[in-house]
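A short worksheet on the structure shown next.
The chain is numbered in sequence order, starting from 1.
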Amino acid sequence: LDGAAISLTYCYGKLISVLTRGDGKEGKDVTHLFRGSNLEYNIFSDGFYQITGELVAPKTIKNARNYAAGALGLKDQHEFWNRKLTFFPYDVQSPGLKHCKLWTDRLDWLNSLGFYDIRAEGLEDKFPTDGEVWRINSLRDYYKLGHTSHHPRGAFAIKEEQKPVVTTLRKVTWQLGKSGVVSPVGHFDPIQIGHAVISKATLHNIGYIHDLGLEIDCKIGVIRSGEIIPRIVGRYN
């Protein structure tokens, strides 16, 4: 499911924090948006639990992924509650779940508490998706494999390769980033990818331009990495 990842932490039945993924190391605290919701009450009263999952909007909403992610940036709790959002947990960690030998045991436990089941059939027809995740079911084997610096070795994602949209590169400008690095930006004839109209994308550095063989007025292919960030991926003439 393609939305916004969040992590809910409970201690003896009390919701103590809700965090976004952020940069993968530090997320944004959005706990205030969930106070008084059904995710705060009547879940369990013992121990320490951290539940991770995806907050998603239905496909019927234009640009559903950004709609879900943008909701987490709202300050008004009531405006957040009025958004059409659904939370699907995909994992839970707790010392109280040592009896769970399989990842699917954890999902069954979450489902027994009333959480939506991410394994339910037909979800891809109702909510946006961006691929599949494959994971080792045995928790012992999963943790035995460990992690790289970026991801667990016991799971991997399969993403559908995007078909680039072809347009014409019109000019290149240079921008100064927050870190002090100067990088080129390619400006091209406006195109629509998904629900967004875009007309520029970073070209990273001069080596990237040379590797793609880019010239002014040449045909280029553009995608949106992660369905968010515009990226020039090649020359087409």
Side chains of [X] and [Y], donor plus acceptor under 3.5 Å:
X	Y	answer
Asp2	Thr129	no
Thr167	Lys219	no
Gln50	Ser7	yes

Heavy-atom closest contact ([X] atom, [Y] atom, distance):
X	Y	value
Ala57	Phe127	O-CD2, 3.5 Å
Leu15	Arg35	O-NH1, 2.6 Å
Gly186	Ile232	CA-CD1, 4.4 Å

Could you give the distance from [atom1] ([X]) to [atom2] ([Y]), rounded to the nearest 0.5 Å?
X	Y	atom1	atom2	value
Leu33	Gln77	CG	CD	7.0 Å
Asn137	Leu107	CG	CG	8.5 Å
Phe115	Thr86	CZ	OG1	13.0 Å
Leu145	Ile136	CG	CD1	4.5 Å

Should we say atom NZ of Lys59 is surrounded by more than 12 heavy atoms from elsewhere, each under 6.0 Å from it?
->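 Correct, the count exceeds 12.
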Please say whether more than 12 non-hydrogen atoms of neighbouring residues, nucleotides or ligands are located less than 6.0 Å from CD in Glu121.
->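 Not buried by this count: 12 neighbours or fewer within 6.0 Å.
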Pairs under 3.5 angstrom only: tabulate donor-acceptor contacts from the side chains of residues 198-205 to other protein residues two or more places apart or in another chain.
{"unit_1": "Thr202", "atom_1": "OG1", "unit_2": "His204", "atom_2": "N", "d": "3.1"}
{"unit_1": "Asn205", "atom_1": "OD1", "unit_2": "Gly207", "atom_2": "N", "d": "3.1"}
{"unit_1": "Asn205", "atom_1": "OD1", "unit_2": "Tyr208", "atom_2": "N", "d": "2.8"}

With the threshold set at 4.0 Å, does a side-chain nitrogen-carboxylate oxygen contact exist between Lys159 and Glu132?
->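 Salt bridge flag = no for Glu132 with Lys159.
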Would you mind checking if Asp108 and Arg119 are paired as a salt bridge, meaning a charged N to carboxylate O distance below 4.0 Å?
->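 Salt bridge present between Arg119 and Asp108.
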How about Leu85 and Val56: do any of their side-chain heavy atoms sit closer than 4.5 Å?
->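 A side-chain contact under 4.5 Å is absent here.
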Return the set of residues passing ring-ring contact (aromatic ring centres under 6.0 Å, His included) with Tyr116 (not counting sequence neighbours), or none when no residue passes.
->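 Partners of Tyr116 under the ring-ring contact (aromatic ring centres under 6.0 Å, His included) test: Phe88.
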